[in-house]
Amino acid sequence: MKLFVKNLTNVDFSFLDAQRGMMGESWLAQLELDGSLNSQGMICDFSLVKSRVRDWLDTYVDHRLVIPVHSAQAEITQQQQNIQLQWTYAEGEKLSCNAPEQAFALVDCQKIDLDTLACWCEGQLLALFGDEVQGLSLSFVPEKMQGAFYHYSHGLQQHDGNCQRIAHGHRSQLEIYLDGERDQQLELQWAQKWQDIYLGTLAHLVKQQGGYNSYQYSAPQGEFSLRLPSSRCDDLTTETTVEQIAQHIANELKKSHANRQVTVRAYEGIGKGAIAQA
C-alpha cells in the first residue's frame, strides 16, 4: 500500500553547480510512503506526514546554500560554529563564503540535481515515521513556467528569519507590462541579465577589487561574508526583498520608457511575489 502527497511543499535555496556556479532554485516536493495499515486503516495520518516532512525540509534544505561535498570544486572547513566554503568555478574564478553552519546543507554527493538532493533527503526522512512506514520516496520538480524566469541568490540582513542567510535563492518568473500590455521581450532581457545572479545590497558591499565583490554583515544568526566575481553580481541601493526587486526593475525601465506606465510583477519562488509601478 502507498500513500502519496503531491506538491507537499516547496523549497527555496541556492546550490553550487559545476558549470553555472551559485544559482537560486525553487522546487516542489512530492512524497510517497510505503507501508502497512494500522488499526485505524491508514498507513499514517496525512497531517503528520505533511507536518513532519515539511518541517524537516524547512529546517535542513530551505533557505540554505546546498553544497555537493564530494565535488572537487568545493573546499569546506569547519570553524567552531561557522563553515568556511571555497568554490572554484569552471573558469577558475573563486567563490568564498563564511557563515553559521545552519546557512549550509552539506549533501553527500558530487553534484546537486533533482535526484541527488531527493536521495539525500530520503535517507533521513524515513526515521521520522513509525514501523507502519516501510519505505519513503521523495522527488522534486521545478514549477512549470510560461515565459521568462531567472535564478537569483541573495541575503536579507534585516530579516528575522532564515532569509538573513547571505546565500540562499529562488527561481523566479517575471512579468513586465507597458501601459497594461505585457512585453515579453523586456522580460527576456531582464531574465538573461539576471540568469544566475547574486543580488547584493550596496550597504553590505565592503570591497570591490580585482574583479571581485565582497559582502559582509551581522544578523541575529551570526556573522556572514561572501566574496564572488563582480561579473556575477548586481547591487541594489536597498535590501533585496522581492518588493524592492520589483520596484528596482520598474524604476530602471522607466528611464527608457518615460511616457509609459511600467508595471512589474516579480516572483519570489513559487506562487508569491510583488507588484510595483513607475
Side-chain angles (χ1 to χ4, degrees), residues 12-14 20-26 63 143 145-209 211-219 224 226-278:
D12 295 294
F13 61 97
S14 290
R20 295 171 64 175
M22 184 168 67
M23 51 188 293
E25 191 55 271
S26 301
H63 285 74
E143 179 188 21
M145 295 182 179
Q146 293 183 344
F149 63 88
Y150 59 98
H151 302 258
Y152 75 97
S153 302
H154 69 155
L156 303 177
Q157 179 190 20
Q158 299 175 26
H159 195 272
D160 291 333
N162 294 334
C163 291
Q164 67 188 260
R165 296 167 181 171
I166 200 167
H168 74 277
H170 313 271
R171 174 177 176 260
S172 297
Q173 197 169 357
L174 180 65
E175 298 173 16
I176 296 172
Y177 299 85
L178 297 179
D179 295 332
E181 295 291 328
R182 190 168 176 182
D183 192 318
Q184 293 184 315
Q185 184 59 39
L186 285 176
E187 293 170 5
L188 181 60
Q189 289 174 12
W190 274 90
Q192 291 173 339
K193 176 183 178 180
W194 280 358
Q195 181 181 15
D196 299 319
I197 200 72
Y198 183 79
L199 294 180
T201 297
L202 281 174
H204 305 155
L205 182 64
V206 295
K207 183 184 291 187
Q208 190 172 42
Q209 184 177 7
Y212 284 84
N213 281 18
S214 297
Y215 303 92
Q216 187 175 327
Y217 58 76
S218 299
F224 295 86
L226 176 68
R227 180 178 183 269
L228 71 168
S230 302
S231 61
R232 300 173 185 265
C233 306
D234 199 1
D235 295 321
L236 277 62
T237 58
T238 62
E239 285 262 48
T240 55
T241 63
V242 68
E243 295 93 336
Q244 298 284 19
I245 289 171
Q247 193 63 63
H248 171 80
I249 296 173
N251 291 344
E252 289 297 304
L253 287 171
K254 189 68 172 180
K255 295 175 183 178
S256 54
H257 299 86
N259 298 321
R260 311 284 295 276
Q261 182 185 63
V262 179
T263 303
V264 174
R265 182 186 292 263
Y267 285 73
E268 185 185 70
I270 298 173
K272 62 186 190 298
I275 302 171
Q277 292 186 327

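Residues take their numbers from the sequence shown, with the count starting at 1. No hydrogens, no waters, no symmetry mates; every other heavy atom, side chains included, goes into these values.
Of all heavy-atom pairs spanning Y212 and P229, the tightest one is CD2-N, 3.6 Å. Contact detail for A246 and A266: the closest heavy-atom pair is CB-CB, 3.8 Å. Closest approach of R182 to L174, counting heavy atoms only: NH2-O, 4.1 Å. Minimum heavy-atom separation, A250 to Q277: CB-C, 4.2 Å. Taking both residues in full, the closest heavy atoms of E175 and Y267 are given as OE2-OH, 3.3 Å, listed atom of the first, atom of the second, then distance. Shown here for G24 and S153, the closest heavy-atom pair between the two residues is N-OG, 3.6 Å.
Distance check, rounded to the nearest 0.5 Å: CD of Q157 to OG of S218 gives 7.0 Å. For the atom pair SG (C163) and CG (D12), the distance works out to 8.5 Å, reported to the nearest 0.5 Å. If you take CD on E252 and CG on L186, they are separated by 12.5 Å, rounding to the nearest 0.5 Å. To the nearest 0.5 Å, the span separating CD1 on I275 from CD on E243 amounts to 11.5 Å. Atom OG in S214 sits 14.0 Å away from atom NE2 in H204 (nearest 0.5 Å). Atom-to-atom distance recorded for N251:CG and Q244:CD is 9.5 Å, nearest 0.5 angstrom.
Taking the centre of each ring, H151 and H170 stay at or above the 6.0 Å mark.
By the 30° and 60° cut-offs, the orientation of the rings of W190 relative to H248 is perpendicular. The aromatic rings of F224 and Y217 are tilted relative to each other, their planes meeting at an angle between 30° and 60°.
Counting only heavy atoms from C-beta outward, the side chains of Y152 and E268 approach each other to under 4.5 Å. Two residues are said to be in side-chain contact when any heavy atoms from C-beta on lie closer than 4.5 Å; T241 and L156 meet this criterion. Counting heavy atoms from C-beta on, the side chains of S14 and E25 never come closer than 4.5 Å. Residues I245 and W194 form a side-chain contact, since some pair of their non-hydrogen atoms from C-beta on lies under 4.5 Å apart. In this structure, T240 and T238 have side chains that are not in contact, with every pair of non-hydrogen atoms separated by 4.5 Å or more.
Within a 6.0 Å sphere centred on NZ of K207, other residues, nucleotides and ligands contribute 12 heavy atoms or fewer. More than 12 heavy atoms of other residues, nucleotides or ligands shown are found within 6.0 angstrom of CD on Q189.
Considering D235, L228, D234 in turn, L228 is the only one that fulfils the side-chain contact (heavy atoms from CB on, under 4.5 Å) rule with Y198.
At least one test fails for R227 against the ring of Y215: distance under 6.0 Å to the centre or angle within 45° of the axis.
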Where do E187 and Q173 land on the side-chain contact (heavy atoms from CB on, under 4.5 Å) test, with the steps shown first?
CA-CA 9 Å; E187 293 170 5; Q173 197 169 357; over 6 Å; no
With side-chain contact (heavy atoms from CB on, under 4.5 Å) as the test, would you mind laying out the steps for R20 and Q195 before giving the verdict?
CA-CA 10 Å; R20 295 171 64 175; Q195 181 181 15; 3.8 Å; yes
side-chain contact (heavy atoms from CB on, under 4.5 Å) between Q208 and S230: does it pass, once the steps are laid out?
CA-CA 8 Å; Q208 190 172 42; S230 302; 4.1 Å; yes
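Side-chain N/O atoms of Q164 and D160 include no donor and acceptor closer than 3.5 Å. For D179 and Q261, the side-chain atoms include no donor-acceptor pair closer than 3.5 Å.
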